[in-house]
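Convention: sequence-line order gives letters A, B, ...; per-chain numbering from 1. Scope of the values below: all heavy atoms of this structure, side chains included, with no hydrogens, waters or symmetry mates.
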Amino acid sequence: MAVLLLAEINGADLSVDQTAKAVTAAAALGDVTVLCASTGCSGAAEAAAKLDGVAKVLCADDAAYGNGLAEPIADLIVSLAGDYEHIVAPATASGKNILPRVAALLDVMVISDVTGITDANIFERPTYAGNAMQTVQSSDATKVLTIRTAGFDAAGSNGSAAVEDISAAANPGLSEWVEDKVQTSDRPDLTSAGSVVSGGRGVGSEENFAIIEKLADKLGAAVGASRAAVDSGYAPNDWQVGQTGKVVAPDLYIAIGISGAIQHLAGMKDSKVIVAINKDEEAPIFQIADYGLVADLFEAVPALHDALD
Amino acid sequence: MKVLVPVKRVIDYNVKVRVKADGSGVDLANVKMSMNPFDEIAVEQAIRLKEAGKVEEIVVVSIGIKQSQETLRTALAMGADRAILIIAADDVHTDLEPLAVAKLLKAVIDEEQPSLVLAGKQAIDNDMNATGQMLSALLGWSQATYASELEIDGDSATVTREVDGGLQTIKVKMPAIVTVDLRLNEPRYASLPNIMKAKRKPMDEKTPADYGVDVTPRLTILGTFEPASRSAGVMVADVAELVAKLRDEAGVL
Ligand SMILES: Cc1cc2nc3c(=O)[nH]c(=O)nc-3n(C[C@H](O)[C@H](O)[C@H](O)COP(=O)(O)OP(=O)(O)OC[C@H]3O[C@@H](n4cnc5c(N)ncnc54)[C@H](O)[C@@H]3O)c2cc1C
């Protein structure tokens, strides 16, 4: 049984963490062929070939795939689909953009955000912002899944799979890329960081968010935010954690000035240790925190920063 | 230009979800239902386009149980012009799969011929995040998901999308499917006079059979269960105690 896994690619580089975790999930289903589709993706293909459990890497190097546009990449996957029983991608913004399109073109259902694999047809996934887990059985010939990577360990990188260059499929030419506004930072990636420090509406302003970032930098942590903080312009959209933001499961998650709405908890409640700092002792976040501190964040956060010296 | 907006009736986002003890699903009997929040944003965007003179007619479509007409009335009260209700289930616990919904929407679109579909990026009940993409595939239309900005210029639309690394702007050919994210706009509340007016706006009632669409599910839900629960830990008195606990007890520092 064969699995085609769409690699997560940023620019021309393999997003190793997301892809390696999806490989672990996919390897439970059969021999994994990784598809790298981008411009100048031979480096990404080499990196994917090293992941343990990968049988083969296909490299489709074409300008049409350079910016992750859904239509041409979906058509490419469909052109390859006949050889595979499972088509898999990490449940990133990109994977979730492309795979439902693939599924519809194949006339099958997509199964989004898979957190567990029972067998070739039975999968577990969260619904209702993670408040109800479902076990579903697919009756489709091809199973198309996105994998919520937070729950899987990354595959090692001692492999040496063969890389095969493949040609591009026809480009339907429905959309074109204009620009990316991507923040580059030296901080760890939010979805793979060992620690995350998140700020909410309680932080009060974009300027004040600096104290959250300072604490994060002290801990070598990624920075996260609630939707309220993002909507208010305190933090960029790609920091949002939650049902509609990123799902994280670090060893340490520190929620500061965040009330703990279910939509936020959906993105962080699988963290190993949760710390909450909030001035309202009734805040729901304390019901799931391992360590709660009722305090004004403007005193507690700088004090915590200094105490870590 | 005509815009079509699919809207879904879902559990209100403020309601605490309860999994039924027998594992057969989530209890939806007697709970508050509302329009899926992302769909409200899609309706709002359609109305703003109409107010800006770029759109002539807004057609809203809901697929589900008969009570989905309440959701359509809400959309009409906000400012949509006309509604189509496709009654595809008689039990609130039956959730049509995105593939079936996309096929029904395609059939509606074949008749209505809109230039733009504005849809929510995901429904907060099944959290599939799939219907817009599937519909776009079935129609062979361009697809712009997770929109936080939308500009229509003639036969193309420029869409800024919320992606993992930040924002991406793409230009798509019309007709297009755009799925909307939270930051596109803040939906309005319907005023009382508009709620009254909405009662007289046209609403067609259909069934999947009218469109010849097979809605048989592809996925069998074998069981629904509560996630592993987390219990509250301890409250610490001050920063010093917090640091001590994190260092010595949790071992994460
Ligand atoms: C469809 C939908 C999807 C959503 N998706 C997400 C999502 O992905 N992620 C997300 O986060 N939210 C999401 N939300 C929003 C969610 O419902 C909440 O509104 C949001 O999480 C609240 O953010 P918050 O906790 O920062 O703000 P609030 O709820 O306003 O809480 C602020 C907290 O800060 C505390 N505070 C204030 N000042 C101080 C101080 N000086 N010191 C200490 N504490 C202080 C207050 O006591 C309060 O508890 C979604 C909502 C909907 C409808």
Undergrad: Specify the closest pair of heavy atoms between A:Arg125 and A:Val114, including all atoms of both residues, with the distance to one decimal.
TA: CB-CA, 4.4 Å
Undergrad: Rounded to the nearest 0.5 Å, what separates atom NZ in A:Lys96 from atom OG in A:Ser112?
TA: 6.5 Å
Undergrad: Any sub-3.5 Å donor-acceptor pair from B:Arg183's side-chain atoms to B:Glu149's backbone N or O?
TA: no
Undergrad: Rounded to the nearest 0.5 Å, what's the gap from CD on A:Gln137 to CD1 on A:Ile111? Could you check?
TA: 10.0 Å
Undergrad: Return yes if some donor-acceptor pair links the side-chain N/O of A:Thr146 with the main-chain N/O of A:Asp113 below 3.5 Å, else return no.
TA: yes
Undergrad: Under 4.5 Å from any heavy atom of chain B, what part of A:Leu219 do you find: side chain, backbone, both or neither?
TA: side chain
Undergrad: Any idea which of A:Ala261, A:Ala266, A:Ala129, A:Pro236 has the most non-hydrogen atom pairs under 4.5 angstrom with chain B?
TA: A:Ala129
Undergrad: Please classify the contact of A:Ile288 with chain B as side chain, backbone, both or neither, using a heavy-atom distance under 4.5 Å.
TA: both
Undergrad: Are any of the side-chain nitrogens in B:Arg218 or B:Glu97 under 4.0 Å away from the carboxylate oxygens of its partner?
TA: no
Undergrad: Rounded to the nearest 0.5 Å, how far does CG of B:Leu28 lie from CZ of B:Arg9?
TA: 9.0 Å
Undergrad: For B:Tyr146, which atoms come within 4.5 Å of any heavy atom of chain A: side chain, backbone, both, or neither?
TA: side chain
Undergrad: B:Val172, B:Leu246, B:Thr160, B:Ile221: which one forms the most heavy-atom pairs within less than 4.5 Å of chain A?
TA: B:Ile221
Undergrad: So does B:Glu241 get a backbone contact from the side chain of B:Asp238, meaning a donor-acceptor N/O pair under 3.5 Å?
TA: yes
Undergrad: What residue, out of A:Thr244, A:Thr92, A:Thr115, has the most heavy-atom pairs lying under 4.5 Å from chain B?
TA: A:Thr244
Undergrad: Can you say whether B:Tyr13 sits under 4.5 Å from chain A via the side chain, the backbone, both, or neither, judging by heavy atoms?
TA: both
Undergrad: Does B:Arg18 come within less than 4.0 Å of B:Asp27, counting only side-chain N to carboxylate O?
TA: no
Undergrad: Against chain A, label B:Leu253 side chain, backbone, both or neither, depending on which of its atoms sit under 4.5 Å from a heavy atom there.
TA: side chain
Undergrad: Working to the nearest 0.5 angstrom, can you tell me the gap between B:Leu222 CG and A:Ile122 CD1?
TA: 5.0 Å
Undergrad: Whether A:Asp107 and B:Lys103 form a salt bridge (side-chain N of Lys/Arg under 4.0 Å from carboxylate O of Asp/Glu) is what I want to check.
TA: yes
Undergrad: Tell me, out of B:Leu135, B:Thr131, B:Ile11, B:Val252, who's got the most heavy-atom pairs with chain A below 4.5 Å.
TA: B:Val252
Undergrad: So for B:Ala130, is it side chain, backbone, both, or neither that comes closer than 4.5 Å to the heavy atoms of chain A?
TA: both
Undergrad: Name the member of A:Gln287, A:Lys269, A:Gln243 that forms the most heavy-atom pairs with chain B at distances under 4.5 Å.
TA: A:Gln243
Undergrad: Flag the one option from B:Val243, B:Asn14, B:Leu242, B:Asp181 with the top tally of heavy-atom pairs under 4.5 Å to chain A.
TA: B:Leu242
Undergrad: What part of A:Asn67 is in contact with chain B, defined as an atom under 4.5 angstrom from a non-hydrogen atom: side chain, backbone, both or neither?
TA: both
Undergrad: Relative to chain A, which of B:Ala237, B:Ser231, B:Ser148 shows the most heavy atom pairs under 4.5 Å?
TA: B:Ser231
Undergrad: Contact part of B:Ala157 toward chain A, heavy-atom cut-off under 4.5 Å: side chain, backbone, both or neither?
TA: neither
Undergrad: Which one of A:Val230, A:Ile262, A:Leu265 has the most heavy-atom pairs closer than 4.5 Å to chain B?
TA: A:Val230
Undergrad: Check whether B:Thr220 gets within reach of chain A through its side chain, its backbone, both or neither, counting any heavy atom under 4.5 Å.
TA: both
Undergrad: Nearest heavy-atom pair of A:His264 and A:Ala225: which atoms, and what distance?
TA: CE1-O, 3.8 Å
Undergrad: Quick check on A:Ala303 against chain B: is it the side chain, the backbone, both or neither that has a heavy atom closer than 4.5 Å?
TA: both
Undergrad: Hey, is the main chain of B:Phe38 close enough, under 3.5 Å, to the side chain of B:Lys121 for a donor-acceptor pair?
TA: no
Undergrad: What part of A:Ala300 gets within 4.5 angstrom of chain B, counting heavy atoms only: side chain, backbone, both, or neither?
TA: both
Undergrad: At a heavy-atom separation under 4.5 Å, does A:Gln240 approach chain B through its side chain, its backbone, both, or neither?
TA: side chain
Undergrad: Does any backbone or side-chain atom of B:Gln143 lie under 4.5 Å from a heavy atom of chain A? Answer side chain, backbone, both or neither.
TA: both
Undergrad: Can you tell which of B:Thr179, B:Val159, B:Val10, B:Val163 has the highest number of heavy-atom pairs within less than 4.5 Å of chain A?
TA: B:Val163
Undergrad: Do NZ/NE/NH1/NH2 and the carboxylate oxygens of B:Asp155 and B:Lys173 come within less than 4.0 Å?
TA: no
Undergrad: Identify which part of A:Val275 has an atom lying under 4.5 Å from any heavy atom of chain B, answering side chain, backbone, both or neither.
TA: side chain
Undergrad: Regarding B:Asp125 and B:Lys8, does a basic nitrogen lie under 4.0 Å from an acidic carboxylate oxygen?
TA: yes
Undergrad: Answer yes or no: is there a donor N or O on one side and an acceptor on the other, between the side chain of A:Ser232 and the main chain of A:Tyr234, under 3.5 Å?
TA: no
Undergrad: So for B:Val19, is it side chain, backbone, both, or neither that comes closer than 4.5 Å to the heavy atoms of chain A?
TA: side chain
Undergrad: Under 4.5 Å from any heavy atom of chain B, what part of A:Leu69 do you find: side chain, backbone, both or neither?
TA: side chain
Undergrad: Select one option (side chain, backbone, both, neither) describing which atoms of A:Gln263 are under 4.5 Å from chain B's heavy atoms.
TA: side chain
Undergrad: Count the heavy-atom pairs under 4.5 Å between each of A:Leu293, A:Val294, A:Asn237 and chain B, then report the option with the highest count.
TA: A:Asn237
Undergrad: Please state whether the side chain, the backbone, both or neither of B:Val234 comes within less than 4.5 Å of a heavy atom of chain A.
TA: both
Undergrad: If you count heavy-atom pairs under 4.5 Å between each of A:Tyr291, A:Phe123, A:Trp177 and chain B, which one has the most?
TA: A:Tyr291
